[in-house]
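Heads up, the thing below is written out as structure tokens.
Lettering of chains follows the sequences in order, A, B, ..., and the numbering in each one begins at 1. Heavy-atom basis, side chains included; hydrogens, waters and symmetry copies ignored.
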Amino acid sequence: MFDIRLLREREPEVRAAMKARCVEVDVDALMALDGKRRSLISEVEQLKNERNTASRDIGIAKKAGQDASARQQAVRSLGERIKALDEEVRDVDEALHTGLLSIPNMPHASVPVGQDESANREVRSWGEKKSFDFDPKPHWEIGEALGILDFDRAARMSGAGFPLYRGAGARLERALIQFMLDMHVNEHGYEEVSTPFVCHSDATRGTGQLPKMAEDMYYIPADDLYLIPTAEVPVTNIYREEIIDEPLPIYLTAYSPCFRREAGAAGKDNRGLNRVHQFDKVEMVKFVEPKTSYEELEKLLKNAEDVLQRLGLMYRVLELCTGDLSFAAAKCYDIELWAPGQKAWLEVSSCSCFEDFQARRANIRYRNKKGKPVHVHTLNGSGVALARLVVAIIENGQGADGSVSLPEALWPYMDGCKRIERKAE
RNA sequence: GGAGGGAUGGCAGAGUGGAUGAAUGCACCGGUCUUGAAAACCGGCGAGGCGCAAGCCUCCAGGGGUUCGAAUCCCUUUCCCUCCGCCA
């Protein structure tokens, strides 16, 4: 959540930041609400103070056996005024809160300014585009021919965008999850968690998906539950409404399926596994002290890159510009894999620092050296997202005969299988 | 799903209409003592908001009500526990 104090104390900066993000924010209206809220509170608190004092006196008088009915009568009308004012405060509070919830985070000073993805800055790339002595095919052709992907049958039961993996395809999915979790736990120092895959709206608001992304989530009205669009939601909300008493930083990693309606994205880059309503992902989440959050972001990014390097897949790292930054992020790197069969880059990871934006919404704090409760900084990154990772493995590993060679790092996770080939007829 | 019982500070646990975040114990922090530690003793110790400040206001699971006044009485929601039923 946006901090109202930023607005009070650094109004010009806030206006500039929102302009850089290409977001319209009615700063004047919010400032007016803030002022009104404060003056109402002063007024009602003074009345409450009067009532408390009067009630105390009545109690003392009654104990002494005196009649206090006249004074009780007088205080009653005070109570009515308080009630009316309290309601007014609540209304203003709610309006202010709603307004603040809809303001995106302030971008970090290092974030390049720009309107859209064309202004994103390439930070580095790793590996080389693989060359083929034949015309490489897209994964949906290879996968269907191998019998490891079955889009038609999946669509019959669930509609388009829900993949069905079979045989070595299903095994590859499971192997990748295990491989990535093992790396993060054994080499990168994360604790593995396994979470609920549905969350209440308040949890979803905590990480910033609600209210803005409501249309992009699957919702179960009977139980007021959302299917998680990313493990970021349940994992970050583990410490919701808490003052964390464990030492920071805390590193958590989790596997989860992710559900996304992708409303408005129909027909766009959505062939095969490129953009699906359900995919698997291994996520990394950090809770850190504010002063360390940007070092932690770089480490997080490296952890995600490690996965891709181990798999020998060519990728590039982009630093998102102000206009392309997601709602809650202050800074964000995307990692894109090269998919030679489509001659396209596919986003498989997004590593973000939220500073205290999510922590403020979800009310996650720790005690600083002076013992005062302070909001933590939260970060998260995909480490990494499946479906598209599978796309890159298939398209990069394809041979002229339609088989797919697997990266060596996966062999132990595939029972020694090094290559997926057409089943003997 | 049915019946009953609960929810108080970091934890345990008093408090059932009248000053006050709220007895007590544990934990924690500071001090005395000690070569050092422990023990003992002394002191401190919840969160949020408004205010330049002094200070004031709010919070005893959430919401609503009764009252001059609610942790305490009433209604309601959520969660937990016990028993019964069902079940991977």
Please give the distance between the [atom1] atoms of [N] and [M] as a whole number of Å.
N: B/rG63; M: B/rA70; atom1: C1'; result: 16 Å
N: B/rU20; M: B/rG6; atom1: P; result: 27 Å
N: B/rA61; M: B/rC57; atom1: C1'; result: 22 Å
N: B/rA40; M: B/rC33; atom1: C1'; result: 9 Å
N: B/rU58; M: B/rG5; atom1: C1'; result: 31 Å
N: B/rA27; M: B/rA12; atom1: C1'; result: 10 Å
N: B/rU8; M: B/rG62; atom1: P; result: 11 Å
N: B/rC42; M: B/rG69; atom1: C1'; result: 38 Å

Quick one: label [X] by what it contacts on the DNA or RNA (base, sugar-phosphate, nothing), any heavy atom closer than 4.0 Å.
X: A/K372; value: nothing
X: A/N52; value: sugar-phosphate
X: A/R5; value: nothing
X: A/N49; value: sugar-phosphate
X: A/R76; value: sugar-phosphate
X: A/I41; value: sugar-phosphate

Starting at atom [atom1] of [X], determine the distance to atom [atom2] of [N], rounded to an integer number of angstrom.
X: A/D93; N: B/rU58; atom1: CG; atom2: C1'; value: 12 Å
X: A/N363; N: B/rG62; atom1: CG; atom2: P; value: 14 Å
X: A/K83; N: B/rG63; atom1: NZ; atom2: P; value: 15 Å
X: A/E242; N: B/rG46; atom1: CD; atom2: C1'; value: 15 Å
X: A/E43; N: B/rG49; atom1: CD; atom2: P; value: 21 Å
X: A/E94; N: B/rG49; atom1: CD; atom2: P; value: 19 Å
X: A/D245; N: B/rA27; atom1: CG; atom2: P; value: 17 Å
X: A/I4; N: B/rG49; atom1: CD1; atom2: P; value: 12 Å

Heavy atoms from other residues, nucleotides or ligands near CZ of A/R15 exceed 12 (cutoff 6.0 Å):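 Yes, because the 6.0 Å sphere around CZ of A/R15 holds more than 12 heavy atoms from other groups.
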A/R8 CZ: over 12 foreign heavy atoms closer than 6.0 Å: yes
For [N] and [X] - does any side-chain N or O of the residue sit under 4.0 Å from the phosphate oxygens OP1/OP2?
X: A/R51; N: B/rC68; answer: no
X: A/R90; N: B/rG64; answer: yes
X: A/R365; N: B/rA47; answer: no
X: A/R56; N: B/rG17; answer: no

No-H, no-angle donor-acceptor pair, A/E45 side chain to B/rG51 base, under 3.5 Å: no
Contact check, side chains of A/H277 and A/F259, non-hydrogen atoms, under 4.5 Å: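 Of all side-chain heavy-atom pairs linking A/F259 with A/H277, none is under 4.5 Å.
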Student check: side-chain heavy atoms of A/E296 and A/P249 closer than 4.5 Å: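 Yes, side chains in contact.
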Nearest listed nucleotide, side chain of A/P373, among B/rC50, B/rG18, B/rA47: B/rA47
Which nucleotide in B/rC57, B/rG69, B/rC50 has an atom nearest any side-chain atom of A/S55: B/rG69
Counting only Watson-Crick pairs (N1-N3 plus N6-O4 or O6-N4) and G-U wobbles (N1-O2, O6-N3), all under 3.5 Å, who is the partner of [N]?
N: B/rC41; value: B/rG31
N: B/rC83; value: B/rG2
N: B/rG46; value: B/rC59

A/T378 and its side-chain hydrogen bond (donor to acceptor under 3.5 Å, both in side chains) partner, picked from A/Q358, A/K286, A/E355: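 Of all the options given, the one that passes is A/Q358.
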5' priority, RNA chain B, between A/D34 and A/I60 [closest heavy atom]: A/I60
5′-ward residue of the pair A/H200/A/V75 relative to RNA chain B: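 With A/H200 and A/V75 compared, the 5'-side residue is A/V75.
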Straight-line distance of A/I4 CD1 to A/R38 CZ, nearest 0.5 Å: 8.0 Å
Donor + acceptor pair across side chains of A/E191, A/Y251 (<3.5 Å): no
Polar contact flag, side-chain donor to acceptor under 3.5 angstrom, A/E283-A/Y255: no
